[in-house]
Each structure stands twice: as structure tokens, then as C-alpha cells.
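This report refers to the structure that appears directly beneath it.
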Amino acid sequence: FFLPSLFVVSHIRTLVRKKPFLLKLALAQRVPYLILGLTTLIFAADRPTLTMAVLLAVVFVTALGGGLVIPPYFYLTAKTIPISLRGRLFAARNLSSYLLGIAAGGIIAAILGRVAFPSNFALLVFIGFGMLIMCIPSVALIKEPDAKKTLPPVPFRELIGIVGSMLRGNKSLRWYIFGRMLYALA
């Protein structure tokens, strides 16, 4: 999940504003869900192999996109949310998403029980797409301050060396990365 970040971090260092780049990546990350919903609706009953291939491609593309948006997302967060509020912001975000997830379980069960296949799965994908796409206008409304200075891009090989130095010199960062890896495997 974090590996794709290494491929964009050098580029975003050069940008005065990161939000336009973030919005493009976020949109590109969400559109595959629309494609999956349409594929499920049109092909799932008669061409399940095609539908499964599209599903796997969507999982890959959205995971890749998730990794690519991390650097500009956290840059924007750092520039617009005071440090004293960030912990509460992320805690409230996580708590509300968990509670909404529990509520969504009831809605999912009702749709799966009342709507015939493949329309039920397609409807769930369309609802998920709608929920994901709704955050883009709210991010677009954020007033991002211009970067005080931009930095030149770093060659990928040098960037790997910097990351290695950071990991060697920061035990807490190593434990954090290890924990994230375990979380990803769970």
C-alpha cells in the first residue's frame, strides 16, 4: 500500500500546490468502481470470468491509486489541519467510518436479500462508488496554501537510500511500518 508512494513523492516535491494532483489521482482511483458496477450489471450472470477479471483489476488499480494519493493527501492534511487537531480528526474519522460500516452491514444484507443477482452486487458497487466520489468535492473546497518553496525531484535510487536511512535511524518508524505490514496482511 505504501510502496506506490515512493513513485510520486519526488514529483509532488516540485509542485506549488498538491491538491490538483491529489484530486486527479482520487478521481482516477474511484472511476474503476463505476466500471466494475457496469461490468457486474451487464456481464456477471453470463460471463462470470470476465467479471472476476475486472474485479481483480479494480482491486489492483484502486490499491495502487490508494498508495499514490498518500503523499499529497498527507501534505494537504499537514498544511490545512492544525497539529493540535489532527489526532482528534483522525480518531473521529475512524470512529465514524466504523459506525457507518456497521450501519452499512444492515443495508447490504437488505439489498442482497431483496434484489436479485447480479443487480444486487451492481447496486452495492454503485452505492460504494457514490460514497467514494462524494469526498472529491469536499476536498476540492479546501483552500490549500501555496508551498513556501518547492524542492527539486529526487532520483528514485537516491530516494530509496533516504528511506533506508530513515528506517535505520528511527526505531518508531520501523515499528510503525512493521505494524502497517501486519495490518495489511490481516
Side-chain angles (χ1 to χ4, degrees), residues 1-12 18-77 89-142 156 160 163 176-186:
F1 186 71
F2 289 113
L3 185 61
S5 299
L6 294 175
F7 296 102
V8 297
V9 72
S10 183
H11 173 66
I12 68 162
K18 280 56 168 178
K19 186 175 71 170
F21 184 72
L22 171 63
L23 289 171
K24 288 175 194 166
L25 285 175
L27 185 60
Q29 183 193 19
R30 284 150 175 80
V31 168
Y33 288 110
L34 179 61
I35 294 167
L36 176 61
L38 292 170
T39 302
T40 302
L41 189 61
I42 297 167
F43 297 111
D46 298 325
R47 300 188 60 199
T49 304
L50 171 67
T51 305
M52 185 58 68
V54 171
L55 170 66
L56 293 174
V58 166
V59 169
F60 174 77
V61 168
T62 57
L64 177 67
L68 294 174
V69 301
I70 289 172
Y73 171 78
F74 279 110
Y75 177 88
L76 188 63
T77 300
L89 169 75
F90 285 109
R93 183 192 74 174
N94 287 345
L95 178 61
S96 61
S97 68
Y98 298 147
L99 293 174
L100 288 170
I102 292 169
I107 296 168
I108 292 167
I111 290 172
L112 290 175
R114 292 188 176 105
V115 180
F117 178 82
S119 298
N120 55 0
F121 283 94
L123 178 58
L124 290 172
V125 174
F126 289 137
I127 291 170
F129 169 74
M131 297 297 288
L132 288 169
I133 210 78
M134 283 194 309
C135 79
I136 292 177
S138 63
V139 172
L141 292 172
I142 295 172
F156 188 74
I160 296 299
V163 170
Y176 173 76
I177 298 295
F178 180 71
R180 292 298 301 184
M181 289 169 47
L182 291 177
Y183 178 77
L185 293 172

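Model, not experiment: these values are computed from the prediction.
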Exercise. Does any pair with a residue in residues 104-134 pass ring pair (Phe, Tyr, Trp, His ring centres under 6.0 Å), and if so which ones, sequence neighbours excluded?
Worked result: Phe117-Phe121
For this session: Check the surroundings of atom CZ in Phe60: do more than 12 heavy atoms from other residues, nucleotides or ligands lie under 6.0 Å from it?
Result: no
Problem set entry | Met131: side chain to side chain contact (heavy atoms under 4.5 Å, CB included) partners, not counting sequence neighbours | Ile127, Met134
Exercise. Going by heavy atoms in the side chains, are Leu68 and Ser5 under 4.5 Å from each other?
Worked result: no
Seminar exercise, completed: By side chain to side chain contact (heavy atoms under 4.5 Å, CB included), Thr51 pairs with (sequence neighbours left out) Thr39, Thr40, Phe43, Ala44
Seminar exercise, completed: Smallest heavy-atom separation, Ala140 atom then Lys19 atom, equals O-NZ, 2.8 Å
Problem set entry | Where Arg30 and Cys135 come nearest, the two heavy atoms and their spacing | NH2-SG, 3.3 Å
Exercise. Considering only heavy atoms from C-beta outward, does the side chain of Val125 approach that of Val58 to under 4.5 Å?
Worked result: no
Exercise. Is the closest side-chain heavy-atom distance between Leu27 and Leu23 below 4.5 Å?
Worked result: no
May I have the list of side-chain donor-acceptor pairs in residues 92-108 shorter than 3.5 Å, sequence neighbours left out?
{"residue": "Arg93", "atom": "NH1", "partner": "Tyr73", "partner atom": "OH", "Å": "3.0"}
{"residue": "Ser96", "atom": "OG", "partner": "Ala92", "partner atom": "O", "Å": "2.9"}
{"residue": "Ser96", "atom": "OG", "partner": "Arg93", "partner atom": "O", "Å": "3.1"}
{"residue": "Ser97", "atom": "OG", "partner": "Arg93", "partner atom": "O", "Å": "3.2"}
{"residue": "Ser97", "atom": "OG", "partner": "Asn94", "partner atom": "O", "Å": "2.9"}

Exercise. Can you name the residues that form a side chain to side chain contact (heavy atoms under 4.5 Å, CB included) with Pro20, not counting sequence neighbours?
Worked result: Arg17, Glu144
Exercise. Who pairs with Leu6 by side chain to side chain contact (heavy atoms under 4.5 Å, CB included), at least two apart in sequence or on another chain?
Worked result: Leu3, Phe156, Leu159, Ile160, Val163
